Structures are given as structure tokens and as C-alpha cells.
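Proteins get letters first, then strands, A, B, ... in listed order; numbering begins at 1 in each. All values reported here derive from a predicted model rather than from experimental measurement.
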Protein chains: 2
Amino acid sequence: MLEPSHQSAADEPPNWQRFLTARAGEQIATRNQSSSDVFVLCTGWAFRFLQLPDGRRQILNFLLPGDLLSVVTIFDKQFQFSAKAVTAIQLSGFVRSEILTRCKVSPGIQSAIGRCCVEESRAAGELAGVLGQRSADERIAYLFLHLMHRISARSVVRDHRYPLPLRQQQIADAVGLTPVHVSRVLSMFRDRRICVLSENVLNVLDHAELERIGAIG
Amino acid sequence: MLEPSHQSAADEPPNWQRFLTARAGEQIATRNQSSSDVFVLCTGWAFRFLQLPDGRRQILNFLLPGDLLSVVTIFDKQFQFSAKAVTAIQLSGFVRSEILTRCKVSPGIQSAIGRCCVEESRAAGELAGVLGQRSADERIAYLFLHLMHRISARSVVRDHRYPLPLRQQQIADAVGLTPVHVSRVLSMFRDRRICVLSENVLNVLDHAELERIGAIG
DNA sequence: CGGCAGTTTGATGTTACTCAATTTAAGTGG
DNA sequence: CCACTTAAATTGAGTAACATCAAACTGCCG
């Protein structure tokens with residue numbers, strides 16, 4: 001997570017930063033497209049994904065406020081993925097060359113980027129482990145726990161209610177299931193009083209059980 | 001891929017580099033273990049994997065000569081994964097602090113690391129896409145194509161015969177299938193004259209068909 | 001020759017997908 | 001505020017893909 005630098009009202013807008021917005025559902029990046037900017041999500045939710053030739057897609061990661069679109073966009077001007085807004089969003093773009101220049105003089109930035117790389121790589125490995133080895137219930141429980149963890153890091157969570165503005169189709173694309181099956185698993189979670197997802201809020205009733213199902217080694 | 005620097009016979013062994021060997025099947029790294037060294041595989045095959053509590057494992061990547069164990073080991077002393085030797089191997093370890101120091105003065109190294117990060121992230125994303133969205137045939141075809149591509153980059157391939165020292169169990173763990181099902185898919189590939197894996201060699205008979213099955217968008 | 005690890009094959013079971021119909025929720029314009 | 005429209009979620013029945021279990025087979029090494 002990198003925070004976009006604040007811009008005081010009295011200053012001229014700097015030429016190394018620009019702001020963008022997108023509406024819910026709008027595509028904000030396309031694979032193989034080039035950009036001289038590195039983007040940070042400031043408000044709203046988005047996701048990175050791979051589009052397959054037959055129309056299916058794999059969501060690689062949900063993006064929350066403060067997240068870089070992907071850390072590796074710092075090193076490569078070509079996107080290795082596509083990205084879409086889940087809700088209405090605001091993005092901040094920094095010119096890449098500026099970041100790389102600052103990197104050379106600031107060990108702080110350099111190590112922050114390193115930590116981001118580690119985190120992104122860890123998350124990618126975990127996702128592969130979950131998709132390759134675990135059942136439908138476990139995948140969805142894992143996704144919820146993973147998101148809950150990241151939401152908690154950003155804001156106070158009260159009464160085990162987490163804001164989660166996701167359609168079941170998006171959950172399905174993230175965990176490699178069909179939306180129909182996601183619906184069945186969520187019904188099961190609801191019946192067993194584990195958690196309820198409705199009206200863009202995930203209400204966790206039995207955190208211990210959710211962990212028992214979805215925790216990774 | 002980073003080449004280990006050569007050490008002339010007349011020199012003293014440098015204190016920032018050390019060599020290691022491991023036998024086939026030996027574990028060479030364990031998750032959460034720390035190491036002050038960054039390792040490069042010099043000879044043989046190995047793989048990185050995640051071990052699940054129930055004993056199953058997901059292979060994240062096969063390592064070929066010249067590969068870093070993982071690029072992100074440059075930024076973090078704790079391994080985020082475990083690793084095992086497939087064949088007998090030789091490893092070269094560089095002390096991390098030395099690499100980071102050189103990074104600051106050499107833009108060449110810095111950008112090489114950047115390219116490695118991009119490549120590793122791209123591969124991780126593709127793996128998630130394959131595991132989440134594609135069928136058994138497609139997963140195995142993808143794995144073969146991916147490995148063929150990497151082998152070709154390292155050595156001349158004659159008569160479409162690729163050295164591939166993998167057990168079916170390892171293929172299974174890499175693509176999220178059971179060894180029994182891997183055997184059936186390989187039988188099918190053999191019957192349909194697409195490719196034959198035996199005696200540690202993958203013989204590709206119908207490259208076009210293999211691509212039709214396993215190519216990613 | 002015997003033992004072991006790896007592979008193959010068959011029979012059966014389970015999980016998740018597909019297709020299709022129905023219900024619920026969310027907008028939209030009168 | 002209410003009919004109308006459309007998107008999302010739920011439910012059921014039938015099916016396909018892959019897992020599981022178990023036995024037979026192969027090649028290799030002592």
C-alpha cells in the first residue's frame with residue numbers, strides 16, 4: 001500500500017501526478033496496453049483479472065483503497081492483466097520515471113516497493129494453492145477471510161460486519177466456480193449460521209468455523 | 001534469470017558467494033525459514049511449493065538452471081514457500097545485502113530484478129488462470145508448453161524432444177489433479193499422437209494440437 | 001529372484017457444472 | 001408511489017469431470 005501524496009490547495013497541480021475516476025463496471029486497464037503511469041486506487045473497489053479467449057475470466061485480486069493496481073507496474077509499462085472497477089472509483093496516477101528516480105535516492109521507497117512485491121507474490125502463491133487444491137466451500141471461506149483481513153487493516157470493523165460490494169458472479173470468477181455454485185455455498189453458509197452476505201455487507205456469525213473451513217496452512 | 005558470476009581458479013573464494021548441492025528429492029527451503037542468502041539454481045531441476053495442512057501440496061513453479069529460487073527472496077529473508085530438488089542439483093547462494101548494495105549503484109542490476117519480478121508475477125497470474133478456469137487436458141498441455149518454452153530458451157531442442165525429469169505425481173501437484181487422472185490424460189495424449197512422456201523426455205508429435213489445447217489467451 | 005516405486009486400468013462415488021425455471025431485488029419512468 | 005423492466009440470486013433436475021479405491025502391471029535395483 002502506497003499513499004498518494006497530498007496536494008495542498010495553494011500549490012499548482014504537479015506534472016508527475018494525475019487523478020482519474022471510473023464508474024462501476026468500467027474497465028480501467030487492458031492486458032498488453034502500455035501506460036507511463038503507475039496507478040493507486042484511492043476510493044472504491046476494483047479488481048485485476050485475466051480474460052480467457054472463450055470469455056471466461058480469472059480474477060487475480062480485488063483492489064481496495066490504497067492498493068497499487070499491481071506493484072510490478074512500477075517495473076513494466078505494459079499491463080500483464082486487465083482491470084475493472086467494482087464500484088465507482090478514484091485513481092491516482094504517478095509517472096513511472098518519477099518513482100524510479102526517487103527510488104534511487106530513497107531507501108525508504110525502495111524497501112516499501114520490496115515489501116509490496118513480497119506481499120503480492122505471497123498472495124499470488126496462496127491463490128494458486130487455493131485454486132489448485134481446495135474445495136468450493138474452502139475457496140469461498142478463504143476469499144472472505146482474505147478480504148476481511150485486508151478490510152480490517154484499513155478501517156474499524158464493528159459487529160463482524162464487513163463492507164463487501166461484490167456480485168456472486170465476481171466471487172465466482174475469483175475462486176474458479178460458477179455463480180450458481182457460489183449461490184449454493186453461500187446458502188449453506190447462511191443455513192449453518194457461519195456468515196451471511198447481503199446488501200453489500202458480509203455478516204460473520206461464526207468466525208471460528210469460517211477459519212476452520214478456509215484457513216490456509 | 002541471473003547468471004552467477006564466474007570465479008577464476010586463481011582467486012580466493014569470495015565471502016559473498018557460496019555453493020551448495022542437494023540430492024534428488026531433498027528439501028532445499030522451508031516456508032517461514034529465514035536465510036541471509038539469495039539462491040540461484042545452477043544445475044538440475046527443482047520446484048517451489050506450498051504445503052497444505054492435510055498433506056496436499058501445490059507446486060508453484062518448476063525451477064530450471066539459471067532461475068532464482070524466487071525473485072522476491074531478494075527483498076525478504078523469510079521464504080514464502082518451500083522448495084525441493086527434482087534431480088540432483090547445484091545451488092549458488094549470494095548474500096542478500098551484497099545484492100541490495102550493488103543494486104543501488106548499478107541500474108543494470110536494478111532493471112534486471114524488475115524484469116524478473118514482472119516475469120514471476122506474469123507466471124503466477126497465468127497459473128491462477130489455468131488452475132481456476134481450465135480443464136485437466138488444458139492444464140497439462142499448458143504446463144508442457146510453458147516448460148517447453150523455458151527449456152528452449154536455455155538449450156537447443158532437437159526433434160521436438162524436451163528433457164522433462166518429472167514424475168506424474170509432480171505434474172499432478174503442479175496442475176491441481178490426482179496422479180491417476182494425470183496418467184489418464186497422458187494416455188489420451190499418447191493415443192491421439194499429441195505427445196509422449198517417457199524416460200524423462202517429452203516427445204512432442206503434434207505441436208499445433210498441443211497449442212490448440214493448452215494455449216492461453 | 002524378490003521387492004519397491006511408479007504407472008496403468010477398471011469400477012464406483014462425489015463434486016461441481018449445465019440447463020432451465022422461478023423468485024427476489026433494483027431501477028425507471030409515469 | 002406504483003406498474004414495468006431488467007439484473008441478480010435461488011432452486012431443482014440431470015450430467016460431466018474428476019476423485020477415490022483397489023488391483024494389476026512395469027521397470028529397476030539390490
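Applying the ring pair (Phe, Tyr, Trp, His ring centres under 6.0 Å) test to residues at least two apart or on different chains, the pairs with a partner in residues 123-153 of chain B are B/Tyr142-B/His146. The ring pair (Phe, Tyr, Trp, His ring centres under 6.0 Å) analysis of residues 180-217 of chain A, with sequence neighbours excluded, yields no pairs.
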Could you write nucleotides 11-30 of chain D as a row of B, S and -, 5' to 3', where a protein heavy atom under 4.0 Å of any base atom gives B, of only sugar-phosphate atoms gives S, and otherwise -? BBB----BSBB---------
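At a non-hydrogen distance threshold of 4.0 Å, A/Arg167, A/Gln168 from residues 160-168 of chain A come into contact with DNA chain D.
Straight-line distance from the CD atom of A/Gln133 to the P atom of C/dT15: 17 Å, rounded to whole Å. Per the geometry, CG belonging to A/Leu197 stands 11 Å off C1' belonging to D/dA9, to the nearest Å. Atom CD1 of A/Ile140 and atom P of C/dT15 are 15 Å apart (whole Å). Rounded to an integer number of Å, the gap from B/Leu186 CG to C/dT9 P is 11 Å. Between the CD atom of A/Gln170 and the C1' atom of D/dA7 there is a distance of 13 Å, given to the nearest Å. Rounded to an integer number of Å, the gap from CD of A/Gln169 to C1' of C/dA26 is 18 Å.
A salt bridge links A/Arg56 with A/Asp54: at least one charged nitrogen is closer than 4.0 Å to a carboxylate oxygen. The pair B/Arg212-B/Asp206 does not meet the salt-bridge criterion, since no charged nitrogen lies less than 4.0 angstrom from a carboxylate oxygen. Salt bridge absent: B/Asp76 and A/Arg122 never bring a charged side-chain N and a carboxylate O closer than 4.0 Å.
Relative ring orientation between B/Phe39 and B/Phe79 is described as tilted, the plane-to-plane angle lying within the 30° to 60° band.
By the side chain to side chain donor-acceptor pair (under 3.5 Å) test, B/Gln169 pairs with B/Asp173, sequence neighbours left out.
Rounded to 10 degrees, the angle between the two end axes of the helix from C/dC1-D/dG30 to C/dG30-D/dC1 is 40°, with five pairs used at each end.
No side-chain donor-acceptor contact under 3.5 Å links B/Ser183 to the backbone of B/Pro179. Checking side-chain atoms of B/Gln51 against main-chain N and O of B/Arg57 turns up no donor-acceptor pair under 3.5 Å. Checked by atom type and distance alone, the side chain of B/Gln90 never pairs as donor or acceptor with a backbone atom of B/Gly44 at under 3.5 Å.
Within 6.0 Å of CD in B/Gln33 there are more than 12 heavy atoms belonging to other residues, nucleotides or ligands.
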